[in-house]
Student: 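Before we start, here is the structure in question, set down as structure tokens.
Small disclaimer: the values here were computed from a predicted structure and weren't measured. What you see below is based on every heavy atom in this structure, not just the backbone, and it leaves out hydrogens, waters and symmetry mates.
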Amino acid sequence: MLLVLLHHAEFPLGNYILAFHMPLFFVLTGYIEYKRDSICNHGFGRFIKNKVLRLLVPYFCFEVINCVVFLCYNSMFGHAAIPTFGEIAYSILTCINTDAYTGISGRLWFLPCMFVSEVFVYLLLCALKKVEKYKKPNVAFLIVFMFFLSFLTTHVIKNRLPFTVDTAFFATAFILIGYFFGKAIDYLVGDGHYAISGGIMFLALSGLYLTVRSGNASVLMYINCYGEYLSSIVAAVCGIIAFFIIGKWSY
């Protein structure tokens, strides 16, 4: 969250933060699920109820406040036409900014994206669990497949998909990375092996620096835009690895 604030405050290293700070949120989500080891232990109905209460209720509550502030401000100081109720409802329910209505701060895209991507992860992991194929090749295929779907929605489909489904493909891939590489993250944040950690961090920071400096790495998840796609993924992974090691040393 601090990284997000620094980026939006135009911190001098903001371009480097932008390259990985949102993918980091989703990797952390997958890593927490790995530590809990409780996914698919409950029915789909209970899972959905929990996610609705924790993600969608806050989203819609915020959007009501967002709408009220927008209407009050626009009626007092704005010069644009007041949108109709239908235009406002469409924008909020689809989580898509429109020419007619953006709210005072745009859509709070992160919570719907988290909801959709966690549903994807639940369905994928439960499917793997049922066929007893929790094997690395299958996991790697799922991660690559989700990145491929994200690439298609970025480069082929011109319009945004409702409720951040297009962005959720990208997010799902990173949740799966956090979940299935949990042991590797345990190693990165574990005690000792400082020389190895230092070497890994040097490589990670070098990869982050080179990809961002090349001008090809940019992870604008809120508009489903990722610059040079492969470079952005590499930059995100490098930044996340460096974050875990720096975080361990700081702690």
Side-chain angles (χ1 to χ4, degrees), residues 1-37 110 113-114 117-118 121 134-137 139-144 146-148 150-151 167 169-222 225-251:
M1 286 161 48
L2 178 60
L3 290 172
V4 173
L5 291 173
L6 289 174
H7 164 65
H8 283 287
E10 298 183 358
F11 188 66
L13 299 176
N15 287 340
Y16 297 95
I17 295 173
L18 177 64
F20 73 92
H21 70 319
M22 292 313 300
L24 172 62
F25 263 119
F26 295 100
V27 167
L28 286 171
T29 298
Y31 180 59
I32 290 170
E33 291 294 350
Y34 158 77
K35 300 298 285 187
R36 287 175 176 167
D37 193 27
F110 177 76
C113 185
M114 181 67 78
S117 58
E118 288 203 52
V121 169
Y134 263 165
K135 297 178 181 179
K136 290 184 178 180
V139 174
F141 171 79
L142 284 181
I143 293 172
V144 172
M146 297 311 295
F147 277 133
F148 177 69
S150 174
F151 178 83
T167 308
F169 293 139
F170 195 76
T172 300
F174 279 101
I175 293 178
L176 291 172
I177 288 173
Y179 185 87
F180 286 109
F181 290 92
K183 289 184 178 179
I185 297 174
D186 282 340
Y187 178 81
L188 291 177
V189 300
D191 294 331
H193 53 77
Y194 290 104
I196 297 176
S197 295
I200 294 173
M201 186 179 70
F202 174 78
L203 293 175
L205 289 176
S206 298
L208 177 64
Y209 175 80
L210 292 173
T211 49
V212 173
R213 288 288 293 176
S214 69
N216 294 328
S218 179
V219 181
L220 298 170
M221 293 185 69
Y222 66 98
C225 180
Y226 310 104
E228 190 67 33
Y229 199 83
L230 185 59
S231 296
S232 294
I233 294 173
V234 172
V237 171
C238 288
I240 290 166
I241 291 173
F243 168 86
F244 279 118
I245 297 174
I246 294 173
K248 174 183 71 173
W249 288 358
S250 302
Y251 180 77

Student: More than 12 foreign heavy atoms under 6.0 Å from OH of Tyr229: is that the case here?
Tutor: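 More than 12 within 6.0 Å, yes.
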Student: Let's go through Lys35 and Asp186 carefully: what are the C-alpha distance in whole Å and the side-chain angles of both, what is the deciding distance for side-chain contact (heavy atoms from CB on, under 4.5 Å) to 0.1 Å, and is it a yes or a no?
Tutor: CA-CA 10 Å; Lys35 300 298 285 187; Asp186 282 340; 3.3 Å; yes
Student: Between the main-chain N or O of Phe169 and the side-chain N or O of Ser150, is there a donor-acceptor pair closer than 3.5 Å?
Tutor: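 Not at all, since once roles are kept as given, no pair shorter than 3.5 Å links the two residues.
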Student: If you look at every heavy atom in Ala235 and Thr211, which pair is closest and at what distance?
Tutor: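 What the structure gives for the nearest pair is CB-OG1, 3.2 Å.
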Student: Hey, do the aromatic rings of Phe174 and Phe181 have their centres closer than 6.0 Å?
Tutor: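 Not under 6.0 Å, so no.
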Student: What pair of heavy atoms forms the shortest contact from Gly14 to His7, and how long is it?
Tutor: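 Looking at all heavy atoms of both residues, the closest pair is O-ND1, 3.5 Å.
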Student: For Gly178 and Ile185, work out which heavy atoms get closest and say how close.
Tutor: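 That closest heavy-atom pairing would be O-CD1, 4.0 Å.
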Student: Should the pair Lys248 and Tyr194 be classed as cation-pi, given the thresholds of under 6.0 Å to the six-membered ring centre and 45° from the axis?
Tutor: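 The answer is yes; both the distance and angle limits are met.
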Student: Could I get the full list of side chain to side chain contact (heavy atoms under 4.5 Å, CB included) partners for Phe243, not counting sequence neighbours?
Tutor: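 If we apply the side chain to side chain contact (heavy atoms under 4.5 Å, CB included) test to Phe243, skipping adjacent residues, the hits are Leu3, Phe20, Leu24.
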Student: Which atoms form the tightest heavy-atom contact between Trp249 and Ser197, and what is the distance?
Tutor: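 That closest heavy-atom pairing would be CZ2-CB, 4.1 Å.
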Student: Kindly determine whether Met22 and Val4 satisfy side-chain contact (heavy atoms from CB on, under 4.5 Å), including the steps that lead there.
Tutor: CA-CA 8 Å; Met22 292 313 300; Val4 173; 4.1 Å; yes
Student: Step through it carefully: locate the ring centre of Tyr31, locate the ring centre of Tyr179, and say whether they are under 6.0 Å apart.
Tutor: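 Tyr31 vs Tyr179: aromatic centres not under 6.0 Å.
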Student: For Ser117 versus Ile175, what's the shortest heavy-atom pair and its separation?
Tutor: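 Heavy atoms of Ser117 and Ile175 come nearest at OG-CD1, 3.5 Å.
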Student: Are Phe147 and Ile143 side-chain neighbours, meaning at least one heavy-atom pair lies under 4.5 Å?
Tutor: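 The answer is yes; the side chains approach within 4.5 Å.
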Student: Walk me through it: do Leu220 and Leu18 pass the test side-chain contact (heavy atoms from CB on, under 4.5 Å)?
Tutor: CA-CA 8 Å; Leu220 298 170; Leu18 177 64; 3.8 Å; yes
Student: Set out, in order, the CA-CA distance, both residues' side-chain angles and the distance that settles side-chain contact (heavy atoms from CB on, under 4.5 Å) for His193 and Tyr187, then state yes or no.
Tutor: CA-CA 9 Å; His193 53 77; Tyr187 178 81; 3.6 Å; yes
Student: Between Ala19 and Val212, what is the shortest heavy-atom contact and its length?
Tutor: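 For Ala19 and Val212, the tightest heavy-atom pair comes out as CB-CG2, 3.8 Å.
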Student: Run the ring-ring contact (aromatic ring centres under 6.0 Å, His included) test on Phe110 and Phe26 for me, step by step, so that the C-alpha distance in whole Å, both residues' side-chain angles and the decisive distance to 0.1 Å come before the verdict.
Tutor: CA-CA 10 Å; Phe110 177 76; Phe26 295 100; 5.5 Å; yes
Student: How many angstroms lie between CE in Met146 and CD1 in Ile177, if you round to the nearest 0.5 Å?
Tutor: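 It is 11.5 Å, given to the nearest 0.5 Å.
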Student: In this structure, are over 12 heavy atoms from other groups packed under 6.0 Å from Phe11 atom CZ?
Tutor: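 Yes - once you tally the heavy atoms of other residues, nucleotides and ligands closer than 6.0 Å, there are more than 12.
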Student: With rounding to the nearest 0.5 angstrom, report the CG to CG distance, Leu176 to Leu142.
Tutor: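 Leu176 atom CG to Leu142 atom CG measures 6.0 Å (nearest 0.5 Å).
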